[in-house]
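Taking it in order: structure first as structure tokens, then the write-up.
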Amino acid sequence: MKVSRNEMIAALSRAYEGAGHEIGDYEDAAQLVTWSQMAGLGGFDRIALPPLAPKGGATPRLVFENDDISVLDAGGADVCEHGTLAAYLMHSKANKSGFAIIELANCRYPGLILHGLSIVAQQGVYISAYWKDQAGSHGASFESGATFPHYWRVDNADDSKEISTVTIICTTQPALLADAVTRQVEQPELQRHEISAAQFAANYNQALELGIEVDPDHWDALNAAAWPILVPSNAQSRAGAGPA
């Protein structure tokens, strides 16, 4: 079946709200998952349903920080909880010194951070991100001003990688990113998959025009995850519902 972008964002927002996420957080989560699904990276088909409950504090734990580097511990949380915050922290540091590295450790669904990185890249910086998960090793790089990244994946699956660390490098000077972009490329013995920024743009525009393909059972499970926020049907709720 196919659904529209607005339908998916609304359903995901309700589901994350139903899981206990705060206003703003569940809206961010819905945007991250929908953007990833429309671009062709998946996301909707990989998240737990019902979504994971929030893991605690409004911000991740700061493990280490200096002028150029920050290490954050997400505590096992979905990257939807802290990914956007990490992206904006990285951008702030890069604007001050021209270069920044952020590590977001102990997070789930690390690939969903790309939407937040896209928003930052469009403000005129160069970004690369790396992570490992159960599918393999991943990398993505954004040109300055770009909406979509160049992405690669190497098939060295690790079933134990339910929790991941995302390393993000951001700079205002492309030369500083050259070594970072190529540092994990030379693995000729492993199968490598690449998706260009142009292909991501085509995928996104096609989904926007024709709808987002989803599995009906997964869609039903998503909508069922919103039940905790629905008002129970009783005489009082029906009385406040307005005229029929």
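The figures that follow rest on heavy atoms only: side chains count, while hydrogens, waters and symmetry mates do not.
- Taking each heavy atom of Met8 and Trp219 in turn, the nearest pair found is CA-CH2, 3.9 Å.
- Side-chain contact annotation: Asn205 with Glu209, donor-acceptor N/O pair under 3.5 Å absent.
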Original post:
Stepwise, does the ring pair (Phe, Tyr, Trp, His ring centres under 6.0 Å) test hold for Phe148 with Trp35?
Top reply: CA-CA 10 Å; Phe148 299 99; Trp35 186 92; 5.5 Å; yes
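- The line from CZ of Phe44 to CD1 of Ile212 is 9.0 Å long, rounded to the nearest 0.5 Å.
- Using a 4.5 Å cut-off on side-chain heavy atoms (C-beta onward), Asp67 and Ser97 make no contact.
- Panel note: side chain Ser13, backbone Ile9; a donor-acceptor pair is recorded below 3.5 Å.
- The environment of Gln122 atom CD is dense: over 12 non-hydrogen atoms of other residues, nucleotides or ligands sit within 6.0 angstrom.
- Evaluated for a side chain to side chain contact (heavy atoms under 4.5 Å, CB included) with Glu103, the options Val63, Val71, Ile168, Ile69 yield exactly one hit, Val71.
- Between Ile169 atom CD1 and Ser128 atom OG the span is 6.0 Å, to the nearest 0.5 Å.
- Under the 4.5 Å side-chain criterion, counting only non-hydrogen atoms from C-beta, Met38 is not in contact with Asn203.
- Residues Phe200 and Thr147 fail the side-chain proximity criterion, which asks for heavy atoms closer than 4.5 Å.
- Here the CG atom belonging to Leu72 is positioned 7.0 Å from the CG atom belonging to Leu85, to the nearest 0.5 angstrom.
- Residues Asp25 and Tyr16 are not in side-chain contact: their nearest non-hydrogen atoms beyond the backbone lie 4.5 Å or more apart.
- Taken from OH in Tyr151 to OG in Ser141, the straight-line distance is 12.5 Å, to the nearest 0.5 Å.
- Across every non-hydrogen atom of Ala94 and Thr172, the tightest pair is O-CG2, 4.0 Å.
- Of the inter-residue distances, the one linking Gln31 atom CD with Leu112 atom CG reads 12.5 Å to the nearest 0.5 angstrom.
- Across Phe142 and Ala121, no two heavy atoms sit closer than the pair CB-CB, 3.6 Å.
- Shown here for Ala15 and Leu222, the closest heavy-atom pair between the two residues is CB-CD1, 3.5 Å.
- The side-chain heavy atoms of Thr165 and Lys132, taken from C-beta on, include no pair separated by under 4.5 Å.
- Gln37 places no side-chain N or O within donor-acceptor distance of the main-chain N or O of Thr34, the cut-off being under 3.5 Å.
- There is no side-chain donor-acceptor pair under 3.5 Å between Asp133 and Ser164.
- Looking at Val125 and Thr171, their side chains never come closer than 4.5 Å, going by heavy atoms from C-beta outward.
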**OP:** With side-chain contact (heavy atoms from CB on, under 4.5 Å) as the test, would you mind laying out the steps for Thr84 and His115 before giving the verdict?
**Re:** CA-CA 8 Å; Thr84 300; His115 177 257; 5.8 Å; no
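- Gly76 and Arg108 make their closest contact through O-NE, 3.0 Å (heavy atoms, listed as atom of the first residue, atom of the second, distance).
- Under a 3.5 Å cut-off, the side chain of Glu17 and the backbone N or O of Arg14 do not form any donor-acceptor pair.
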**OP:** Decide yes or no on side-chain contact (heavy atoms from CB on, under 4.5 Å) for Cys107 and Val166, but give the supporting numbers first.
**Re:** CA-CA 8 Å; Cys107 63; Val166 186; 3.9 Å; yes
Original post:
Passes side-chain contact (heavy atoms from CB on, under 4.5 Å), Val120 versus Met90? Steps please.
Top reply: CA-CA 9 Å; Val120 171; Met90 169 198 69; 3.9 Å; yes
Original post:
Stepwise, does the side-chain contact (heavy atoms from CB on, under 4.5 Å) test hold for Thr167 with Ile101?
Top reply: CA-CA 7 Å; Thr167 301; Ile101 298 175; 4.2 Å; yes
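- Side chain of Tyr109 to main chain of Ala48: a donor-acceptor pair is present (N/O by atom type, distance under 3.5 Å, no hydrogens or angles).
- Scanning both residues, Leu114 and Ala140, for their nearest heavy atoms gives CD2-CB, 3.8 Å.
- Within a 6.0 Å sphere centred on CD of Glu143, heavy atoms belonging to other residues, nucleotides or ligands number 12 at most.
- Interatomic distance, CG of Asp28 versus NE2 of His21, reported as 11.5 Å (0.5 Å rounding).
- Using modelled atom types, no side-chain atom of Ser4 and backbone atom of Gly211 make a donor-acceptor pair closer than 3.5 Å.
- At a threshold of 4.5 Å between side-chain heavy atoms, the hydrophobic network of Ile, Leu, Val, Met, Phe, Trp and Tyr places Val33 and Ile23 in one connected group.
- Residues Lys93 and Glu65 are paired through a salt bridge, judged by an N-O separation under 4.0 Å between the basic side chain and the carboxylate.
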